[in-house]
Amino acid sequence: MGTYSSDDDMPLARPNGSLSIGNWLIAASILVSSSKKSRAEDIASDKSGPKKGSGMAGLSIRNGPVENGEMDLDSPSTNGSKRKSRVSIAQINYKDESESDGEPLAKRQRSKKIRESDSDDEPMVKARGNKLPPSHKETALPESSSDEQPLGVKLAKKKADIEKKAEKDIKVIRAKEAKAKAKAKATPKKAVKNESDDDLPLASSNKKRQSNGSAAKRKSTGLKKEESDSDAPISKKSKPPAAAAKGKKATPAKDTKDSKKGKSKEASEDDEEEFEWWNAPKREDDSIKWQNLEHNGVLFAPEYEPLPKHVKMYYDGQPVTLSLEAEEVATFWVAMMTAASTHHLDNPIFRKNFFADFSDFIKKYGAKDAKGNKIDIKSLERCDFSKMQEYWAAKNEAKKSMTKEEKAAAKAEKDALEAPYLHCTWDGRKQKVGNFRVEPPSLFRGRGEHPKTGKVKTRVLPEQITINIGKGAKVPTPPAGHKWKAVQHDQKATWLAMWQENINGAYKYVMLGAASDVKGQSDFKKFEKARELKKYIDKIRRDYTKDLKSEIMADRQRATAMYLIDKLALRAGNEKDTENEADTVGCCSLKYEHISLQPPDQVTFDFLGKDSIRYNETARVDPQVFKNLKLFKKPPKTDGDDLFDRLNTSQLNKHLNSYMPGLTAKVFRTYNASHTMSELLKQLGSDPRSRGTIAEKVKLYNDCNRKVAILCNHKRTVGAGHEQQMQKLGDRIKGLRYQKWRTKKMILDVEPTQKKKKGAAYFERDEDLDDEWIKEHQQFLIDEQRTKITKKFEKDNEKLTANKERPMPEKELKERLQAIKELEAKFKKENKTGKVEAEGRGPTVEKLLVAIDKIDERIRVLETQAEDRDGNKEVALSTSKIVSLINTPVGAANTEDANNRPQNYIDPRLTVVFSKKFDVPIEKFFSKTLRDKFRWAIKSVEDAEDWEF
DNA sequence: CTGGGTACTTAGTAATCCTAGC
DNA sequence: GCTAGGATTACTAAGTACCCAG
């Protein structure tokens with residue numbers, strides 16, 4: 001309800017008015033209609049180009065003043081411009097209701113002059129003057145009737161609370177910090193686990209000094225963890241002065257515990273010792289990534305193996321002999337026919353692009369008919385790849401049915417081939433390489449409505465590959481007869497090899513695997529940065545809340561965008577090349593048509609975001625945000641125009657950077673996800689279930705995880721697949737109940753007197769088992785049996801063939817299928833007479849009763865399972881409600897579930913701490929690879945139950 | 001700025017592995 | 001043993017961010 005309503009803004013008095021209310025999440029109402037649209041429709045509608053209002057089109061006024069009537073004749077009149085384009089409309093009357101509020105927007109318009117100038121970034125700082133916000137009452141959400149509210153709303157409230165708390169917490173932290181600092185001045189610090197280089201100059205600049213968080217905390221009395229960066233602990237251990245820079249000398253010094261083998265891990269290569277960089281001193285200059293780098297280059301895709309002569313494509317029914325090159329392209333197409341997902345092949349754009357490229361190959365390399373005459377391939381529809389496909393399928397089949405030994409041999413061969421590329425040596429340490437394989441040629445599968453989807457991604461030659469390697473290292477030998485495009489020794493780059501792909505000219509890099517030190521370090525850095533944001537978030541929020549009313553349009557837009565990014569976890573929204581990429585947006589690139597406003601304070605977003613995933617949600621926003629959005633949509637703006645015509649991601653990030661070095665829009669996602677998770681986990685302490693079984697605890701954790709996922713609208717949910725599964729489960733249960741009923745009837749068949757004994761009711765059929773359903777179910781059972789028998793038959797035959805025996809004739813199959821006929825007849829009879837003949841040998845009432853018990857048991861099991869899922873469904877459902885059914889593309893797998901959640905945003909140390917604190921093995925949360933990837937997190941807070949985000 | 005170029009993270013989906021339940 | 005379906009991994013597309021020259 002009226003959550004935010006009134007307090008709106010009394011401008012001066014409460015500068016931040018209602019802002020901190022965070023409904024990160026969105027409230028409820030979803031536009032049913034939109035959520036129902038099919039994906040295709042969405043896309044179609046999204047497509048609708050901008051309608052250009054009369055002559056005024058894209059005037060590029062991006063941050064500049066606009067005079068009325070001025071029009072830029074050059075600018076394109078549509079925003080279909082090719083490159084990264086953003087078109088804004090000319091003269092918009094920005095006067096508006098800047099600050100005010102309560103009144104109807106319409107009438108407000110007092111013309112305040114708003115300078116349109118761009119210059120204004122400044123205000124921020126000075127904005128500061130105001131009094132602090134009355135922190136909470138205003139932030140609190142009215143509790144009221146929330147009961148019925150959708151999960152999202154409740155979560156929103158939670159988020160609001162968390163935000164509030166964040167503000168408070170930070171004050172505490174600051175106070176502590178201040179104290180500590182003061183103390184530090186006076187006395188040297190106590191030892192800290194790693195010697196942080198804090199005292200190092202740290203360059204005045206804003207070098208990113210990420211606090212070395214993890215360290216300090218536990219020992220410090222303060223406990224509250226904060227990164228002490230400010231002062232340098234003089235660790236007890238050796239101090240690593242400049243050494244750090246060198247990377248190599250890692251410090252042996254770890255404190256107490258894990259000083260496993262104490263030798264210093266030198267750069268010496270064979271040292272298998274694990275390098276615990278998280279215990280090593282920070283380097284002051286991390287732009288140099290390595291001193292020495294050795295690796296064996298890349299593994300190329302295998303050569304194309306031509307099809308046997310008799311396997312051909314047919315055109316208009318005639319066999320075609322394709323040139324090798326063209327044949328290979330055809331196989332790319334064929335390869336996609338087999339997969340369960342034909343959907344690409346049905347996509348008209350995909351077909352068109354494929355065919356255009358295929359034709360080119362044919363033109364260039366040729367295709368002949370049976371007589372050897374050159375032929376023209378004019379249409380994809382007339383191409384018949386079925387023979388090729390059969391061959392392909394057979395080959396796959398053969399592979400599958402290899403014997404164990406054969407499979408093992410194949411694997412051994414493959415391993416041997418890969419072995420040299422698996423690892424590299426990075427400053428003397430062996431590190432796993434991530435994608436050492438050069439991407440093989442194939443058809444480009446651009447997502448969403450990508451204009452180039454279906455085009456041929458060509459084979460990459462050594463001549464296109466640049467190698468990055470240490471100066472002293474041996475340069476990998478390119479395949480015989482070839483050479484590398486270039487070999488460089490860039491110590492600031494972390495990639496080992498690079499090339500550009502032919503479709504979009506995108507760069508492809510061979511980098512280290514997720515479990516490597518460099519990747520771990522940057523992950524660590526990412527989370528430390530997010531933790532650091534904690535210290536600034538309150539001010540940032542206060543400022544943008546204030547700027548929501550700025551008279552400077554650019555500032556107001558920026559503040560509004562920040563609000564959305566912070567509360568709704570929108571992505572930054574860089575500009576994109578509208579012509580050669582799918583048309584998707586993020587915050588800064590939202591367009592007029594992507595939001596619609598429902599007074600008094602609801603905004604519905606409907607756009608395609610990253611990966612063309614639809615974001616369709618309705619959120620309740622701060623009234624000022626609502627007003628701003630309305631203002632930003634004011635005529636003459638119309639479809640196709642940028643909502644934030646005076647803002648782009650660089651400006652936004654530049655502004656953010658002024659608060660904290662290294663702060664960018666994406667940090668908000670990390671911060672909000674991790675921080676929220678942290679708070680949720682904390683609250684778990686008071687939940688009795690947190691003292692329950694492992695399974696219960698895991699579930700609790702997963703629930704938190706799930707909430708965060710929802711809050712961030714991170715991973716999407718459910719989808720048709722899930723629903724279907726539920727359905728299936730339900731049907732299985734129903735089927736069992738049907739069998740139970742049949743079994744009961746059998747009792748009557750054996751001993752009619754039981755009817756009296758047990759009472760007629762006992763033999764009644766469940767109500768929902770109506771005739772129609774039963775018929776259907778019977779059919780299902782019959783079909784199931786049939787396929788089973790057929791399959792078995794085929795299998796048996798295969799075995800016989802393999803043993804060189806003669807296969808059974810079709811007749812045998814027929815005979816076996818006879819059983820189906822009987823089954824059919826039996827059902828028919830049952831349906832007619834309402835009786836069921838007892839099955840099995842020597843059926844007795846006792847035996848039947850036992851059977852019934854067994855069925856009951858199974859029903860119970862399934863029901864529990866269903867309930868389990870129901871719990872999930874609860875979330876899933878709500879999620880889908882909140883998220884408003886992001887349509888899952890057909891056939892799309894249903895991702896999101898307890899496991900693969902916001903893995904990229906939640907600090908793994910939170911999970912580790914939870915695991916320790918509640919005594920749940922970490923394996924329950926992280927799979928093997930994840931444990932490897934998060935080794936740093938696991939080890940660094942191993943004995944620090946009190947580590948906090 | 002702007003636009004091109006580059007490096008690196010995030011994320012959907014396909015392929016493969018694994019396991020519970022016949 | 002076999003298989004369906006969930007879990008995990010592999011692959012690579014699609015973002016973000018930042019730098020620099022004009």
Side-chain angles (χ1 to χ4, degrees), chain A residues 60 62-64 82-86 118 289 335-336 338-341 343-344 396 400 434-435 437-440 442 444-448 450 452-453 457 466 468 490 492-495 498 500-501 503-509 511-514 518-519 522-523 525-526 571-577 581-582 584-589 609-613 648-654 656-657 662-667 669-670 714-716 719 721 725 728-729 788 791-792 795 858 861-862 865 888-889 891-905 926-930 933:
Chain A
S60 182
R62 213 166 198 28
N63 314 292
K82 351 198 122 230
R83 25 211 101 206
K84 327 212 163 169
S85 73
R86 309 193 59 186
D118 19 13
K289 305 296 188 358
M336 297 185 69
T338 40
S341 51
H343 66 287
H344 278 117
N396 276 339
K400 245 189 259 165
N435 53 328
R437 216 182 290 274
V438 174
E439 294 176 15
S442 64
F444 175 71
R445 289 137 117 111
R447 299 181 186 142
H450 194 118
K452 297 191 175 176
T453 192
K457 189 166 83 172
T466 299
N468 192 41
D490 183 356
K492 294 187 173 170
T494 66
W495 50 269
M498 176 270 276
Q500 262 178 302
E501 144 273 276
I503 306 215
N504 300 298
Y507 294 86
K508 300 292 188 150
Y509 299 90
M511 293 194 205
L512 297 203
V518 240
K519 292 292 186 187
S522 69
D523 220 25
K525 220 152 104 184
K526 172 181 78 184
R571 293 193 177 79
N574 280 327
E575 293 165 22
K576 340 181 23 182
D577 174 342
E581 299 179 88
T584 60
V585 300
C587 185
C588 294
S589 48
K610 182 175 177 180
D611 295 313
S612 291
I613 296 298
N648 65 31
T649 55
S650 323
Q651 291 167 299
L652 176 64
N653 283 337
K654 191 170 154 218
L656 291 175
N657 200 58
L663 184 59
T664 61
K666 72 182 279 233
V667 178
R669 296 194 116 210
T670 316
H714 187 200
K715 221 103 193 197
R716 316 171 7 221
Q725 277 170 235
K728 217 166 158 185
L729 204 59
K788 217 181 221 167
K791 263 205 179 137
K792 174 88 165 45
K795 226 168 195 169
R858 284 173 59 196
V861 170
L862 280 189
Q865 207 175 319
T888 316
N894 167 17
T895 349
E896 120 121 16
D897 208 27
N899 315 303
N900 56 352
R901 245 151 241 271
Q903 207 224 46
N904 286 312
Y905 295 117
F926 292 152
S927 67
K928 165 102 164 37
T929 31
L930 239 31
K933 168 173 175 183

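Order of the sequence lines fixes the chain letters, A, B, ..., with proteins taken first and strands second; residue numbering starts at 1 for each chain.
- Contact check for A:Arg445 versus A:Met336: side-chain heavy atoms found under the 4.5 Å cut-off.
- Rounded to whole angstrom, the span from the NZ atom of A:Lys526 across to the C1' atom of B:dA11 amounts to 12 Å.
- The side chain of A:Arg669 places an N or O atom within less than 4.0 Å of a non-bridging phosphate oxygen (OP1 or OP2) of B:dA11.
- Taking for each of A:Asp523 and A:Asp490 the nucleotide of DNA chain B with the nearest heavy atom, the 5'-most of the two is the partner of A:Asp490.
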For A:Thr584 and A:Lys610, what are the C-alpha separation, side-chain angles and deciding distance, and is it a side-chain hydrogen bond (donor to acceptor under 3.5 Å, both in side chains)? CA-CA 6 Å; A:Thr584 60; A:Lys610 182 175 177 180; over 6 Å; no

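- Picking from B:dC8, C:dG15, C:dA17 the nucleotide with the shortest atom distance to the side chain of A:Asn653 gives C:dA17.
- Rounded to an integer number of Å, the gap from NZ of A:Lys525 to C1' of B:dT9 is 13 Å.
- Between A:Arg445 and the phosphate of C:dA13, there is no side-chain N or O to OP1/OP2 separation shorter than 4.0 Å.
- In this structure, A:Met511 and A:Lys519 have side chains that are in contact, with non-hydrogen atoms separated by less than 4.5 Å.
- With hydrogens and angles left out, the side-chain atoms of A:Asn653 and A:Thr664 include no donor and acceptor closer than 3.5 Å.
- Taking only side-chain nitrogens and oxygens, A:Lys654 never comes nearer than 4.0 Å to OP1 or OP2 of C:dC18.
- Looking at which nucleotide of DNA chain B each of A:Arg447 and A:Thr494 is closest to, the 5′-most match is held by A:Thr494.
- At a threshold of 4.0 angstrom between heavy atoms, the contacts of A:Gly586 with the nucleic acid are absent.
- Note on A:Lys289: only backbone sugar-phosphate atoms sit closer than 4.0 angstrom, heavy atoms only; bases stay farther off.
- The A:Lys576 side chain lies nearest to C:dG15 when the options are B:dC8, C:dG15, C:dT8.
- Within the structure, a side-chain polar atom (N or O) of A:Ser522 is placed less than 4.0 Å from OP1 or OP2 of B:dT9.
- Although no hydrogens or angles enter the test, the distance criterion places no donor-acceptor pair under 3.5 Å between the side chain of A:Asn504 and the main chain of A:Ala506.
- Look at CG on A:Leu652: it is 14 Å from C1' on C:dC18, rounded to the nearest Å.
- You'll find that the side chain of A:Thr929 is closest to C:dT9, out of C:dA17, C:dT9, C:dA14.
- Atom CD1 of A:Ile503 and atom P of C:dA14 are 10 Å apart (whole Å).
- Relative ring orientation between A:His450 and A:Phe444 is described as perpendicular, the plane-to-plane angle rising above 60° on a 0-90° scale split at 30° and 60°.
- A:Phe444 places its CZ atom 14 Å from the C1' atom of B:dT13, with the value rounded to the nearest Å.
- Dashed line: the shortest gap from a side-chain N or O of A:Tyr509 to OP1 or OP2 of B:dT9 is not under 4.0 Å.
- Residue A:Ile613 places its side chain closer to B:dG12 than to any other of C:dA14, B:dG12, B:dC8.
- When the side-chain nitrogen and oxygen atoms of A:Gln500 are compared with OP1 and OP2 of B:dG5, none of them lie within a distance under 4.0 Å.
- In this structure, NZ of A:Lys400 is placed 11 Å from C1' of B:dT16, rounded to the nearest angstrom.
- Here the P atom of nucleotide B:dA7 and the NZ atom of A:Lys492 are 12 Å apart, to the nearest Å.
- Here C:dC18 presents its C1' atom at 11 Å from CG of A:Asn657, a figure rounded to the nearest Å.
- Dashed line: the shortest gap from a side-chain N or O of A:Ser927 to OP1 or OP2 of C:dT9 is under 4.0 Å.
- A salt bridge does not link A:Glu501 with A:Lys457: every distance from a Lys NZ or Arg NE/NH1/NH2 to an Asp or Glu carboxylate oxygen is 4.0 Å or more.
- Each of A:Lys457 and A:Lys666 was matched to the nucleotide of DNA chain C holding its nearest heavy atom; the match closer to the 5' end belongs to A:Lys457.
- The side chain of A:Asn504 places no N or O atom within less than 4.0 Å of a non-bridging phosphate oxygen (OP1 or OP2) of C:dA13.
- If you find the closest nucleotide of DNA chain C to A:Ala665 and to A:Lys508, the one lying nearer the 5' end belongs to A:Lys508.
- Considering only side-chain N and O atoms, A:Ser650 lies nowhere under 4.0 angstrom from the phosphate OP1 or OP2 of C:dA17.
- In this structure, of B:dT10, C:dT16, C:dA13, it is C:dT16 that holds the atom nearest to the side chain of A:Asn574.
- One finds no side-chain N or O of A:His344 lying less than 4.0 angstrom from the OP1 or OP2 phosphate oxygen of B:dT13.
- Close to B:dT9, at under 4.0 Å from its OP1 or OP2, lies a side-chain N or O of A:Lys519.
- Distances from the side chain of A:His343 to the nucleotides B:dA14, C:dT12, B:dA11 place B:dA14 closest.
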